[in-house]
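Below: the structure, in structure tokens.
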Amino acid sequence: MFALIDCNNFYASCERLFRPDLRDKPIVVLSNNDGCVIARSNEAKALGVAMGEPFFKIKALCKQHKIHAFSSNYTLYGDLSQRVMSTIERAWPNVEVYSIDEAFLDLSELPLELVDSFCLTLQKLILKETGIPTSVGIGTTKTLAKIANYLCKKVFKIPVFNVAHQREALLKQVAVGDVWGIGRQWSKKLMARGIHTAYDLSITNAHLLKKQYSVVMMRTAMELAGIACGGLVEAEPKQSIMSSKSFGEMQTSYTCVSQSVSSHCARAVEKLRQQHLVAQRLYVFVHTNRFREDLAQYCQGIEIKLINPTDDVRLITTWAKRCLRRIFKTGYHYKKAGICLEDLIPKDPRQMDMFHQPSDEALAKTEQLMGVFDTINQKFGRSTIRLAAEGHSKPWDMRRQLKSPAYTTRWSDLPRVRL
DNA sequence: TCTGGGGTCCTAGGACCC
DNA sequence: TCTGGGGTCCTAGGACCC
């Protein structure tokens with residue numbers, strides 16, 4: 001038995017947690033730059049706000065219905081996510097944290113008759129300890145647990161649901177495109193073949209599916225039929241780390257784009273070092289605003305192999321700037337830049353280049369310096385100390401006009417309670 | 001005016017090996 | 001006249017997820 005615990009409207013629930021005045025009110029959370037809607041409360045969904053809708057297109061609707069909009073506040077969501085996950089992990093040992101707002105539980109150790117009540121108790125505990133409402137789907141495979149969770153939210157509107165009891169009848173109610181692992185392209189192809197529901201897929205010959213699509217599709221169909229094709233997955237070290245952002249306003253100068261690339265290097269290296277990894281490849285890219293058909297378009301990226309695997313922000317920034325110099329062309333209105341660190345490997349031991357190996361002394365110095373960077377920035381906040389390459393005024397920085405306070409991670413933002 | 005960011009896995013095809 | 005069998009590694013592109 002597997003359970004999938006999924007936080008309801010997670011970002012919206014986080015925002016509402018410290019704003020009791022917004023309980024039962026429609027709210028939406030926006031992507032970076034206050035661009036698109038990426039989370040909606042049930043009230044906002046009921047008013048017809050679609051997922052991914054550009055904010056500027058629904059501004060009138062928001063005004064009309066007093067929909068409260070927030071810029072995204074990932075520090076807050078990350079912190080509340082950790083609270084939810086640690087509550088779950090204290091209650092049950094076999095947990096896979098699947099995303100910021102979801103966790104799978106392997107409940108094989110639990111007697112079958114206790115599964116449903118255990119999940120209900122846990123759901124209540126999470127709500128009590130963190131204030132975040134969740135839905136729990138239960139099934140004999142992870143895909144079925146996902147389906148059960150979907151039914152919880154979309155069909156039955158209850159906190160816990162076990163799909164094992166009337167699997168076939170329930171699968172007939174789920175469109176094939178709503179199955180975990182079946183996206184837009186595949187669902188189009190399946191429908192064209194007369195496979196419309198999760199049930200249809202579950203009774204399609206698995207080997208035929210593998211031949212015509214891929215092993216992924218085969219596994220999904222088998223899981224729907226109740227044959228588990230995978231258990232909980234251990235957290236693996238990252239294979240790549242990306243940092244990129246649209247600019248608040250389009251940029252034309254090399255200096256500004258270069259400074260933003262340097263900031264991305266700092267952010268990516270920070271993540272890299274937290275995970276004790278080093279990068280062997282570096283990808284740098286820029287592009288213009290694809291929605292501005294009236295402006296000339298340009299989209300370019302470049303990838304290089306780093307001679308020695310590294311986590312030194314100075315080296316990575318130097319190379320990233322060299323890459324940028326090769327792809328940057330004047331005369332364009334740039335909208336976005338970013339970098340990606342790839343081919344990540346553990347820091348120790350790492351294979352160095354035979355002919356250009358840095359001395360042990362140089363490596364130790366780097367480590368000492370980077371350690372000081374990390375310590376200062378952890379203590380006083382990101383980019384308290386940084387390379388001059390990042391610049392200071394940051395004219396490209398993103399818009400976040402509607403951001404809520406860092407209620408749980410900054411002393412000055414702690415909510416005040418009057419008794 | 002305005003349209004997100006960050007990941008993973010799989011497959012096919014080409015190049016290479018013995 | 002006839003032209004093997006069994007592999008690995010790498011990359012690009014496409015699909016998916018949150």
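Note on naming: letters A, B, ... go to the chains in the order of the sequence lines (proteins, then strands), and numbering restarts at 1 for each one.
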Between B:dG5 (C1') and A:His287 (NE2): distance, integer Å: 11 Å

A:Arg292 side chain near B:dC2 phosphate (N/O to OP1/OP2, under 4.0 Å): yes

Contact check, side chains of A:Lys245 and A:Met398, non-hydrogen atoms, under 4.5 Å: yes

Heavy-atom side-chain contact between A:Ile132 and A:Cys14 under 4.5 Å: yes

Any A:Asn289 side-chain nitrogen or oxygen under 4.0 Å from OP1 or OP2 of B:dT3: yes

Separation of C:dA15 P from A:Met218 CE (nearest whole Å): 20 Å

Phosphate OP1/OP2 of B:dG4 contacted by A:Ser72 side-chain N/O (<4.0 Å): no

Main-chain N/O of A:Asp6 paired to A:Asp101 side chain as donor or acceptor, under 3.5 Å: no

Protein-nucleotide distance (A:Glu53, atom CD; B:dT3, atom P), rounded to Å: 14 Å

Aromatic ring proximity A:Trp180/A:Phe2, centre distance under 6.0 Å: no

Interatomic distance, A:Lys403 NZ vs B:dG4 P [rounded to whole Å]: 20 Å

Short side-chain N/O contact to C:dG14 OP1/OP2 from A:Arg184, under 4.0 Å: no

Nearest-neighbour nucleotide for the A:Glu102 side chain, C:dC18, B:dT8, B:dC10 considered: C:dC18

Below 4.0 Å: OP1/OP2 of B:dC10 and any side-chain N or O of A:Arg219: yes

Nearest-angstrom distance from the residue atom CE of A:Met398 to P of B:dG5: 8 Å

Gap between atoms CE and C1', on A:Met250 and B:dC2 respectively (whole Å): 10 Å

Sugar-phosphate, base or nothing in reach of A:Leu30, heavy atoms under 4.0 Å: nothing

Contact under 4.0 Å: A:Lys335 side-chain N or O vs B:dT3 OP1/OP2: yes

Mutual orientation of the aromatic rings belonging to A:Tyr74 and A:Tyr11 [parallel < 30°, tilted 30-60°, perpendicular > 60°]: perpendicular

Distance flag, aromatic centroids of A:Trp396 and A:Tyr334, threshold under 6.0 Å: no

Contact under 4.0 Å: A:Lys336 side-chain N or O vs B:dG5 OP1/OP2: yes

A:Lys146 vs C:dC18: side-chain N/O to OP1/OP2 distance below 4.0 Å: yes

A:Ser244 vs B:dG6: side-chain N/O to OP1/OP2 distance below 4.0 Å: yes

Spacing between A:Asp343 atom CG and C:dA12 atom P, to the nearest angstrom: 12 Å

Phosphate OP1/OP2 of B:dT8: any A:Ser240 side-chain N/O under 4.0 Å: yes

Residue A:Arg399, side-chain heavy atoms: nucleotide from B:dC2, B:dT8, C:dC18 that is nearest: B:dC2

A:Phe291 or A:Tyr213, whichever maps to the more 5' nucleotide of DNA chain B: A:Phe291

A:Lys238 vs A:Cys36, nearer the 5' end of DNA chain B by closest nucleotide: A:Cys36

d(NE2, A:His333; P, B:dC2) in whole Å: 11 Å

